[in-house]
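Report on one structure; see the data block that follows.
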There are 2 protein chains.
Amino acid sequence: MNSTPGGIRRTKQRDVILRILRSTDSHPTADWIYEQVRREIPNISLGTVYRNLNRLRDLGEIRELTYGSTFSRFDGNPANHYHFICEKCRRVLDLPEPVHTEIDALIAAQTGFAVKGHRAEFYGLCDDCRRDES
Amino acid sequence: MNSTPGGIRRTKQRDVILRILRSTDSHPTADWIYEQVRREIPNISLGTVYRNLNRLRDLGEIRELTYGSTFSRFDGNPANHYHFICEKCRRVLDLPEPVHTEIDALIAAQTGFAVKGHRAEFYGLCDDCRRDES
DNA sequence: TTAGATGCAAAGGGTTTGCAACGTC
DNA sequence: GACGTTGCAAACCCTTTGCATCTAA
């Protein structure tokens with residue numbers, strides 16, 4: 001009666017992908033990672049790179065920088081404002097919280113960059129979905 | 001010697017698209033907008049919707065919610081941190097500024113949502129590109 | 001041994017684009 | 001009338017997936 005579910009297996013491909021990603025702070029694309037990995041594993045396929053990036057993201061080992069979908073959403077309100085993305089129902093809601101422009105100045109002072117502004121999305125559960133959970 | 005460059009022409013299609021987008025706060029996808037516009041202009045094409053959305057975005061009339069590209073970038077650092085996107089060289093840089101988790105609490109209190117965290121990207125010109133400008 | 005992982009190539013799905021016809025200024 | 005805009009459809013491009021094969025455990 002062995003109930004061990006099997007689980008994830010360690011592979012050379014995933015090790016190399018993670019090592020390369022950890023060794024840079026350039027926030028590379030999947031294709032760039034693919035090119036780097038090919039130097040060590042010339043016959044690796046792009047599909048394997050994608051599968052492992054998704055796995056590593058799901059494991060919390062790396063982060064994917066997107067709005068959570070491959071397609072765009074559009075906002076009829078051109079004024080900058082914060083958004084809330086419900087992780088359950090996937091709705092995007094506007095937030096009443098004013099934009100904290102003082103942080104722009106903080107970062108400009110720290111970095112020397114010309115900071116024009118920032119976008120922020122908060123995430124969690126909206127009121128409706130939160131109720132359904134409990 | 002008329003030097004007027006020509007410029008943008010007003011069309012029914014763009015008017016309808018903008019009106020629909022302004023009348024909702026659901027942050028719709030291009031496809032949803034397409035379906036709505038078709039109720040008024042049954043033979044409008046998806047291509048026209050996309051062209052106008054891009055134009056309206058460039059004009060600052062609407063906002064597009066993405067990381068500025070159709071493809072993902074990956075971050076080998078799984079800890080939450082802020083990013084800076086240079087509008088000129090398109091590089092994504094890590095920021096030393098600590099994450100302002102106190103804003104999460106503010107928003108939770110205001111909305112009743114279960115706020116788990118937030119992501120933020122600042123934008124403007126990085127140090128290198130800033131120099132090149134002047 | 002065995003089920004997860006890979007390589008390959010085809011399929012998917014959102015977005016863009018070439019072109020002739022059309023509409024705005 | 002000139003030239004920006006549209007509709008249509010094909011092209012693009014990033015990402016996912018089916019399947020036979022390979023391999024970690």
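In what follows, every heavy atom counts, from backbone to side chain, and hydrogens, waters and symmetry copies are set aside. Here is the naming used below: chain letters follow the sequence lines, and residue numbers restart at 1 for every chain.
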Give a yes or no on whether the ring-centroid distance for A:Phe84 and A:Tyr123 is below 6.0 angstrom.
->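 No, too far apart.
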Check if the side chain of [X] and the base of [N] share a donor-acceptor pair of N or O atoms closer than 3.5 Å.
{"X": "B:Arg9", "N": "D:dC3", "answer": "yes"}
{"X": "A:Arg51", "N": "D:dG18", "answer": "yes"}
{"X": "A:Arg14", "N": "C:dG4", "answer": "no"}

Minimum-distance nucleotide to B:Ser72 side chain [options: D:dG7, D:dT15, C:dT15] =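 The nucleotide sitting nearest to the side chain is D:dT15.
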Nucleotide nearest A:Ser45 (side chain, heavy atoms from C-beta), chosen from D:dG7, C:dG7, D:dT16 |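 From the listed options, C:dG7 comes nearest.
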Between B:His83 and A:His27, what is the ring plane arrangement, given parallel below 30°, perpendicular above 60°, and tilted in between?
->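 Perpendicular.
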Could you give the angle between the helix axes at the two ends of the helix from C:dT1-D:dA25 to C:dC25-D:dG1, with five pairs per end, rounded to 10 degrees?
->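 Comparing the axis at each end, I get an angle of 40°.
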Contact class for B:Asp31 (heavy atom, under 4.0 Å): base, sugar-phosphate, or nothing?
->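 Nothing: the residue B:Asp31, judged by heavy atoms under 4.0 Å, touches no strand.
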How is A:Leu46 classified with respect to the nucleic acid when contacts are heavy atoms under 4.0 Å: base, sugar-phosphate, or nothing?
->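 Answer is base: heavy atoms of A:Leu46 come under 4.0 Å of a base.
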Answer yes when B:Asp128 and B:Arg91 have at least one side-chain N-carboxylate O distance shorter than 4.0 Å, and no when they do not.
->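 Answer for the salt bridge query: yes.
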For A:Gln13 and C:dG7, is the shortest distance between a side-chain N/O and OP1 or OP2 below 4.0 Å?
->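 Yes, because at least one side-chain N or O of A:Gln13 sits under 4.0 Å from OP1 or OP2 of C:dG7.
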